[in-house]
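First the proteins, then the strands, lettered A, B, ... as listed; each starts at 1. Remember, predicted model here, so these are calculated numbers, not experimental data.
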Amino acid sequence: METPVAIVKDIVRKFLAENNIQESVNVPVQMTRDEFEGEVTIASFPLAKTFKKSPQEIASIIKEFIESRYADKVKHIEVKGGFVNISFSDSYWLEFIKTLVDSDKYPVFQKKSETVVIEFSSPNTNKPQHLGHVRNNVLGWATAMLLKRTGTEKVIKVNLINDRGIHISKSMLAWLKWGNGITPEKAGKKGDHLIGDFYVMFEKEYKKQVEELMNKGMSKEEAMEKAPLMQEARELLRRWESGDPEVLKVWRMLNDWVLKGFDETYKRLGIEFDHIDYESETYKLGKEIVREGLEKGIFYQKEDGSVWIDLTDVGLDHKLLLRSDGTSVYITQDLGTIELRWNRYKMDLMIYVVAEEQEYHFKVLQAILKKLGRPYADKIYHLSYAMVDLPTGKMKSREGTVIDADDLLDELHQLAYEKINESPKTASLSEEEKHDLAEKIALGAIKFYMLRVDPKKRILFRKEEALDFEGYTGPFVQYTHARIVSLWEKAQDKPASADFNYEFNRFERQLLKLMAFYGEVLQEATRKYDPSALTNFLYRLAKEFNRYYANTPIVKETDSLARSARLLLSRAIQQILNDGASTLGIPLPDKM
RNA sequence: GGGCUCGUAGCUCAACUGGAUAGAGCACGGGACUUCGGAUCCCGGGGUUGUGGGUUCGAAUCCCACCGAGCCCGCCA
């Protein structure tokens with residue numbers, strides 16, 4: 001069954017064709033504003049010039065056009081200024097919600113036989129994941145699900161584990177120096193948290209050394225380089241890269257601890273990947289590509305042995321690709337990683353979900369790939385998102401001023417659990433069920449909080465707000481869903497057909513209007529790689545349902561036809577909430 | 001110095017991407033059949049959309065300048 005929006009778009013197309021107007025004229029089809037009657041609106045303004053008539057006149061002509069051939073679907077058309085407000089007929093809407101309830105997916109999108117690879121999360125293995133990673137994880141996941149939902153056939157979610165480099169050496173060095181062989185088991189701690197402690201330890205001691213050297217008259221830059229701890233960390237990195245078995249052994253063990261910790265966090269967040277790459281495995285290919293570029297004369301080598309590329313002709317700077325000691329840098333491994341992926345997937349699009357601070361990095365990466373003549377140079381897209389701030393300022397792992405992902409989830413869980421024990425609806429659940437529910441609410445709260453903001457805008461994380469389960473929140477949507485489930489279960493006579501007469505009230509029309517645009521919202525959110533569009537929509541739909549619920553009896557309704565129509569409508573909304581929330585990765589409990 | 005992003009109610013965010021009288025949540029004040037689930041609903045105050053120009057039927061949205069905030073331009077990742 002065609003969606004209302006599709007029908008109106010079709011009307012516009014036919015109208016333009018009959019009047020011999022170029023398709024290129026964009027006539028907006030939009031949701032009717034709340035203060036007017038109708039569900040779908042056509043704005044006629046862009047046609048004023050070609051028609052040489054006033055928008056009002058054109059709107060009237062469109063009205064007649066529709067009335068003359070869509071009489072069965074349309075109840076009423078109102079012209080207000082240049083706007084044509086269309087109210088669909090009650091019978092159309094009834095059929096609409098019935099087919100929605102009967103189908104498992106609404107709307108269905110045409111399949112796109114594309115392969116999209118989306119990389120997200122990409123943690124360093126020197127510390128546990130914090131709030132910033134949570135934003136990345138849920139944004140990446142939701143974006144991948146949106147792509148899939150709107151028809152992309154192959155969406156491949158990949159994680160690139162940053163398991164080598166100077167930062168790992170720092171944690172490793174601290175553990176070697178001060179760890180006394182402690183393990184996660186002995187410490188009674190997740191491995192990622194344990195290693196994170198050593199990272200902070202390193203930074204503390206390192207800072208002391210730098211200050212001492214500066215007191216002796218050294219410049220900051222020199223002190224940072226000459227500090228013994230930094231020297232030792234670099235030495236460790238060199239030994240690692242040269243394959244020193246002793247270093248590799250420790251490295252493997254520590255990495256393993258951290259990755260196990262990550263697994264738990266991912267599992268909790270409901271996030272999984274189709275493939276995991278490790279930079280320790282991709283950087284070598286990167287180095288080969290650097291050699292290739294050097295041979296082709298695209299890169300150049302300085303006297304100290306370091307390798308560079310000159311990007312000043314495309315408005316960027318000179319960029320280092322290999323250090324003078326021969327070890328690789330961040331971008332080296334990225335060159336290798338994307339080459340591997342290309343060989344593996346021949347993807348049509350490669351999305352990197354990476355924080356905005358790396359925008360320059362991706363510009364450079366693309367510029368290098370172009371110079372190397374790689375066919376995938378134009379297929380990369382950096383989905384950049386802004387940082388999460390605390391009221392006290394930036395989060396800094398080095399200083400330990402971060403909100404830890406696991407800790408936050410625990411706190412949310414605990415709070416939800418307390419609320420569950422207070423509520424008469426859930427107090428009788430078993431302990432296991434209570435914790436299961438508390439976890440869903442915790443996830444709903446934090447994910448919604450992260451997803452409701454436009455990715456390119458910073459999130460100011462205020463804990464009281466994130467811990468709030470009322471108003472514009474995930475639990476609000478969850479609660480609405482649970483209400484509808486309860487309604488449906490209570491209904492003795494589940495409506496079997498939609499073949500009857502019923503006149504929808506204004507609350508119901510408001511809901512139908514929103515539902516009609518669900519498909520547009522999905523497409524919009526996908527096109528912009530912006531799940532917040534969907535998050536906002538779900539809240540709006542839930543809000544509207546609660547308003548409806550407070551004003552119109554459903555199961556209590558004595559007229560059986562009205563009851564049937566209202567149950568169908570409620571059920572249809574439940575399905576959209578379900579579809580949207582599962583696309584975002586937000587769990588919806590049946591009871592809460 | 002150069003590049004990118006963002007400035008909307010006291011606070012946190014929306015605004016169908018150029019459309020109608022700029023809307024929600026939080027906070028504050030008042031209220032809701034002794035509940036089809038009160039984690040809900042209703043009412044209220046609160047705005048020169050950072051400032052100044054421009055583009056046009058129409059600008060929070062596009063262009064220019066300025067002001068303010070953030071990020072980047074590392075032999076860190």
Side-chain angles (χ1 to χ4, degrees), chain A residues 26 28-36 41 43 45-46 48-49 54-55 80-83 85 122 124 126 162 164-168 221 225 234 279 302 304 306-308 315-317 319-325 327 329-331 333 355-361 363-364 384 386-387 389 394 416 419-420 422-425 441 449 452-454 456-462 464-465 468-473 475-476 478-480 482-487 490-491 517 520-521 524 528 532-533 536-537 539-540 543 545-557 563 566 570 591-592:
Chain A
N26 181 34
V29 172
Q30 56 207 39
M31 198 185 290
T32 307
R33 291 195 57 131
D34 290 353
E35 57 267 41
F36 301 102
T41 291
F45 300 89
K49 268 184 192 149
S54 75
K80 274 260 162 72
F83 296 96
N85 299 325
S122 310
N124 294 352
N126 64 326
N162 204 323
R164 44 136 283 133
I166 191 72
H167 51 289
I168 317 294
E221 289 71 34
E225 200 48 45
R234 285 208 191 288
E279 289 198 342
K302 284 191 183 172
D304 61 5
S306 57
V307 178
W308 297 73
L316 302 168
D317 293 325
K319 178 75 189 176
L320 176 88
L321 298 169
L322 224 49
R323 295 195 187 93
S324 50
D325 65 2
T327 58
V329 290
Y330 184 48
I331 201 145
Q333 36 222 0
E356 66 180 355
E357 56 191 358
Q358 291 185 33
E359 273 166 19
Y360 183 81
H361 169 81
K363 275 185 196 159
V364 168
S384 167
M387 307 298 233
D389 287 326
K394 275 194 75 167
K419 189 119 198 199
I420 288 163
E422 288 165 15
S423 163
K425 288 281 169 191
I441 293 170
Y449 190 80
R452 70 184 198 184
V453 179
D454 183 339
K456 64 173 180 286
K457 290 190 180 172
R458 304 177 78 84
I459 291 179
L460 181 67
F461 183 84
R462 291 194 309 182
E464 332 79 72
E465 211 174 78
D468 193 359
F469 295 160
E470 290 168 15
Y472 185 23
T473 66
F476 177 93
Q478 293 177 321
Y479 174 77
T480 311
R483 268 186 146 177
I484 303 178
V485 169
S486 160
L487 269 182
K490 241 168 222 146
F517 281 85
E520 311 310 300
V521 172
E524 176 84 354
K528 285 165 47 186
S532 76
N536 281 307
F537 174 86
Y539 170 73
R540 221 181 135 186
K543 171 89 188 159
F545 180 81
N546 282 315
R547 182 172 295 156
Y548 171 54
Y549 184 91
N551 285 286
T552 311
I554 300 168
V555 171
K556 272 195 312 197
E557 172 59 51
R563 191 168 60 238
R566 291 170 188 176
S570 304
K591 192 186 267 193
M592 69 182 275

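The gap from the C1' atom of B:rU61 to that of B:rU5 amounts to 16 Å, rounded to the nearest Å. Comparing B:rA14 with B:rG2, their C1' atoms are spaced 34 Å from each other, to the whole Å. Rounded to the nearest Å, the gap between the P atom of B:rA24 and that of B:rG44 is 11 Å. The gap from the C1' atom of B:rU51 to that of B:rU12 amounts to 24 Å, rounded to the nearest Å. Rounded to a whole angstrom, the distance from the P atom of B:rC72 to that of B:rC28 is 38 Å. Distance check on atom P: B:rC26 versus B:rC41 gives 9 Å, rounded to whole Å. For the P atoms, the distance linking B:rG7 with B:rC62 amounts to 10 Å, nearest Å. A distance of about 16 Å separates the C1' atoms of B:rU48 and B:rG53, rounded to the whole Å.
What separates CD1 of A:I166 from P of B:rC76 is a distance of 7 Å, to the nearest Å. Taking atom CZ of residue A:R458 and atom C1' of nucleotide B:rC71, one finds them 7 Å apart after rounding to whole Å. Straight-line distance from the CZ atom of A:F476 to the C1' atom of B:rU12: 17 Å, rounded to whole Å. As a whole-Å value, the separation of A:K302 NZ from B:rC75 C1' is 9 Å. The separation between A:D325 atom CG and B:rC75 atom P is 13 Å, rounded to whole Å. Atom CD1 in A:I420 sits about 13 Å away from atom P in B:rA39, given to the nearest Å. Separating the CD atom of A:Q358 from the C1' atom of B:rC71 is a distance of 11 Å, rounded to the nearest angstrom. In this entry the distance linking CZ of A:F517 with P of B:rA14 reads 21 Å, nearest Å.
Counting any heavy atom pair closer than 4.0 Å across all strands shown, A:I441 reaches a base atom. Residue-level contact check: A:L460 touches the backbone only, with heavy atoms under 4.0 Å from sugar-phosphate atoms and none from bases. Using a 4.0 Å heavy-atom criterion, one finds that A:A482 contacts the bases of the nucleic acid, with or without backbone contacts as well. Across all strands, A:S122 comes closer than 4.0 Å to no nucleic acid atom at all (heavy-atom distances). Residue contacts for A:D34: at a heavy-atom cut-off of 4.0 Å it reaches no nucleic acid atom on any strand shown. Residue-level contact check: A:R234 touches the backbone only, with heavy atoms under 4.0 Å from sugar-phosphate atoms and none from bases. Nucleic acid contact class of A:E524 (heavy atoms, under 4.0 Å, all strands): base.
Of the side-chain N and O atoms in A:K363, none sit less than 4.0 angstrom from OP1 or OP2 of B:rC72. A close approach under 4.0 Å does occur between a side-chain nitrogen or oxygen of A:R323 and OP1 or OP2 of B:rC76. Checking the phosphate oxygens (OP1, OP2) of B:rG37, a side-chain nitrogen or oxygen of A:Y549 falls inside 4.0 Å. Regarding contacts with the backbone of B:rG37, a side-chain N or O of A:S486 is found under 4.0 angstrom from either OP1 or OP2. Using a 4.0 Å cut-off, no side-chain N or O of A:K490 falls inside it from OP1 or OP2 of B:rC36.
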For A:E464 and A:D468, what are the C-alpha separation, side-chain angles and deciding distance, and is it a side-chain contact (heavy atoms from CB on, under 4.5 Å)? CA-CA 6 Å; A:E464 332 79 72; A:D468 193 359; over 6 Å; no
Hey, mind stepping through A:F45 and A:F83 against side-chain contact (heavy atoms from CB on, under 4.5 Å) and telling me if it holds?
-> CA-CA 8 Å; A:F45 300 89; A:F83 296 96; 3.5 Å; yes
_Let's go through A:M31 and A:E520 carefully: what are the C-alpha distance in whole Å and the side-chain angles of both, what is the deciding distance for side-chain contact (heavy atoms from CB on, under 4.5 Å) to 0.1 Å, and is it a yes or a no?_
CA-CA 10 Å; A:M31 198 185 290; A:E520 311 310 300; over 6 Å; no
Each nucleotide of nucleotides 19-31 of chain B classed B (base within 4.0 Å of a protein heavy atom), S (only sugar-phosphate) or -, in 5' to 3' order, makes BB--SSSS-----
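By the salt bridge (charged side-chain N to carboxylate O under 4.0 Å, His left out) test, A:R323 is found to be paired with no residue, residues two or more places apart in sequence or in another chain being considered. In terms of the ring-ring contact (aromatic ring centres under 6.0 Å, His included) criterion, A:F469 has no residue partners (sequence neighbours excluded). Every salt bridge (charged side-chain N to carboxylate O under 4.0 Å, His left out) that A:E470 has, sequence neighbours left out, goes to A:K419. The side chain to side chain contact (heavy atoms under 4.5 Å, CB included) test applied to A:E524 returns A:R527, A:K528, not counting sequence neighbours. For A:R566, the salt bridge (charged side-chain N to carboxylate O under 4.0 Å, His left out) partners at least two apart in sequence or on another chain are A:E508, A:E557. Partners of A:A550 according to the side chain to side chain contact (heavy atoms under 4.5 Å, CB included) rule, which considers only residues two or more places apart in sequence or in another chain, do not exist here. Evaluation of the side chain to side chain contact (heavy atoms under 4.5 Å, CB included) rule for A:K457 yields A:V453, A:D454 as partners, not counting sequence neighbours. Residues forming a side chain to side chain contact (heavy atoms under 4.5 Å, CB included) with A:S306 (at least two apart in sequence, or on another chain): A:K302, A:D304, A:W308, A:L320, A:S324. Shown here are the salt bridge (charged side-chain N to carboxylate O under 4.0 Å, His left out) partners of A:R483, two or more places apart in sequence or in another chain: there are none.
Counting heavy atoms from C-beta on, the side chains of A:I331 and A:V364 come closer than 4.5 Å.
When distances run from any side-chain atom of A:K591 to the nucleotides B:rA77, B:rG37, B:rC36, the shortest one goes to B:rG37. Nearest to the side chain of A:P475, among B:rA77, B:rC33, B:rA39, sits B:rA39. Of the listed nucleotides (B:rC71, B:rA77, B:rC41), B:rC71 has the atom at the smallest distance from the side chain of A:K394.
Each of A:M592 and A:Q333 was matched to the nucleotide of RNA chain B holding its nearest heavy atom; the match closer to the 5' end belongs to A:M592. Taking the nucleotide of RNA chain B with the nearest heavy atom to each of A:D304 and A:P553, the more 5' of the two is matched to A:P553.
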Output field dot_bracket for RNA chain B (Watson-Crick or G-U, both distances under 3.5 Å, | for other-strand pairs) contains (((((((..((((.....[...)))).(((((.......))))).....(((((..]....))))))))))))....
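Under 4.0 Å is where a charged nitrogen must lie from a carboxylate oxygen, and between A:R458 and A:E357 no such pair does. Salt bridge A:E35/A:K80: absent, no basic N to carboxylate O contact under 4.0 Å.
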Close N/O contacts between protein and nucleotides 5-9 of chain B (under 3.5 Å):
unit_1	atom_1	unit_2	atom_2	d
B:rG7	OP1	A:K457	NZ	3.0

